[in-house]
Amino acid sequence: MAFECLPNPSRWLCNKGLGINIRRAKSPKSSSSTDSSPHSNISPFAPKGRSREDELKEVFCHFDVDKDGKISAHELRAYFASIGEHMSYEDAQGVIDDLDADGDHMLDFQDFVKLMDSKEGAGEDELKKVFEMFEYEKGSGRITPKGLQRMLNRLGDSKSYDECAVMIQTYDIDGDGELDFHEFHQMMS
């Protein structure tokens, strides 16, 4: 069930750019483009053939540090700290309590899917915030291979500089080796 930003503590997430949109990317080698929708099965940086559920499980595992199958308030706070955002324990617990279906004060995978579904279709402002998280030089308006590498490392997905350059090249319309916001927006749509 998709829903808008939740009231009270969950509104916190709506303002912090947790948009993880999983969409089908256009292949640069194909002359025809693939129509995309917010519920497509492929992420722009994911290997072909991965389902949305597989993607979400991988993201869930980045949050679930102790691998108990649940995300605690401490784990949610640790994620936000890793991307440079402060979240109080009370805010983290409030977000979890808003989404927690079984009342154990933790998010299981199904609760996490609800959270991600609520973030689908992020607006232009939220997409801009996500873009800015990948900028190496803040305010440059460019995602460089080094910026992509830094953010992926923060998210626990270590890639070499060359791997990041290839990822960017896939969506680099003007061929300058970097992604501007327009190219990023095209990639995400």
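Bear in mind the structure is a predicted one, so any value in this text is a computation, not a measurement. Reckoned from all heavy atoms, side chains included, excluding hydrogens, waters and symmetry mates.
By the 4.0 Å N-to-carboxylate-O rule, D102 lies close enough to K70 to be salt-bridged with it.
Follow the hydrophobic side-chain contacts under 4.5 Å out from L99 and you never reach M106; the two are in separate clusters.
A donor atom on one side chain and an acceptor atom on the other are found under 3.5 Å apart for Y89 and Q93.
Take E135 and apply the side-chain hydrogen bond (donor to acceptor under 3.5 Å, both in side chains) test, not counting sequence neighbours, and it matches no residue.
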Hey, mind stepping through E53 and F109 against side-chain contact (heavy atoms from CB on, under 4.5 Å) and telling me if it holds?
CA-CA 10 Å; E53 185 173 345; F109 181 68; 4.2 Å; yes
With side-chain hydrogen bond (donor to acceptor under 3.5 Å, both in side chains) as the criterion, how do H105 and D100 come out once you've worked through the C-alpha distance, each side chain's angles and the decisive distance to 0.1 Å?
CA-CA 6 Å; H105 304 291; D100 179 22; 4.8 Å; no
Step by step, work out the side-chain contact (heavy atoms from CB on, under 4.5 Å) result for K159 and M167.
CA-CA 10 Å; K159 299 284 184 202; M167 287 180 197; 3.5 Å; yes
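Put simply, the side chain of E178 does not reach to within 4.5 Å of the side chain of I143, judged on heavy atoms. Contact of the F184 side chain with the V130 side chain is registered, since non-hydrogen atoms from C-beta on lie closer than 4.5 Å. Contact of the S158 side chain with the L152 side chain is not registered, since no non-hydrogen atoms from C-beta on lie closer than 4.5 Å. In this structure, the side chains of K114 and Q110 stay at 4.5 Å or more apart for every pair of heavy atoms. No side-chain heavy atom of H62 sits less than 4.5 Å from a side-chain heavy atom of Y79. Between L148 and L179 there is no side-chain heavy-atom pair separated by less than 4.5 Å.
In this structure, the separation between CD on E85 and CZ on R77 is 13.0 Å, given to the nearest 0.5 Å. To the nearest 0.5 angstrom, I71 atom CD1 is 10.0 Å from D66 atom CG.
Across S160 and Q149, no two heavy atoms sit closer than the pair C-NE2, 3.6 Å. Counting all heavy atoms, side chain and backbone alike, E183 lies closest to Y171 at CB-O, 3.8 Å. For the residue pair A92 and A73, the shortest heavy atom distance occurs at CB-O, 3.6 Å. The heavy-atom pair separating F112 from L56 by the smallest distance is CE2-O, 3.7 Å.
Looking at T170, its side chain does come within 3.5 Å of a backbone N or O of V166 through a donor-acceptor pair.
Judged by a 6.0 Å distance limit and a 45° cone about the ring axis, K146 is not positioned over the six-membered ring of Y161.
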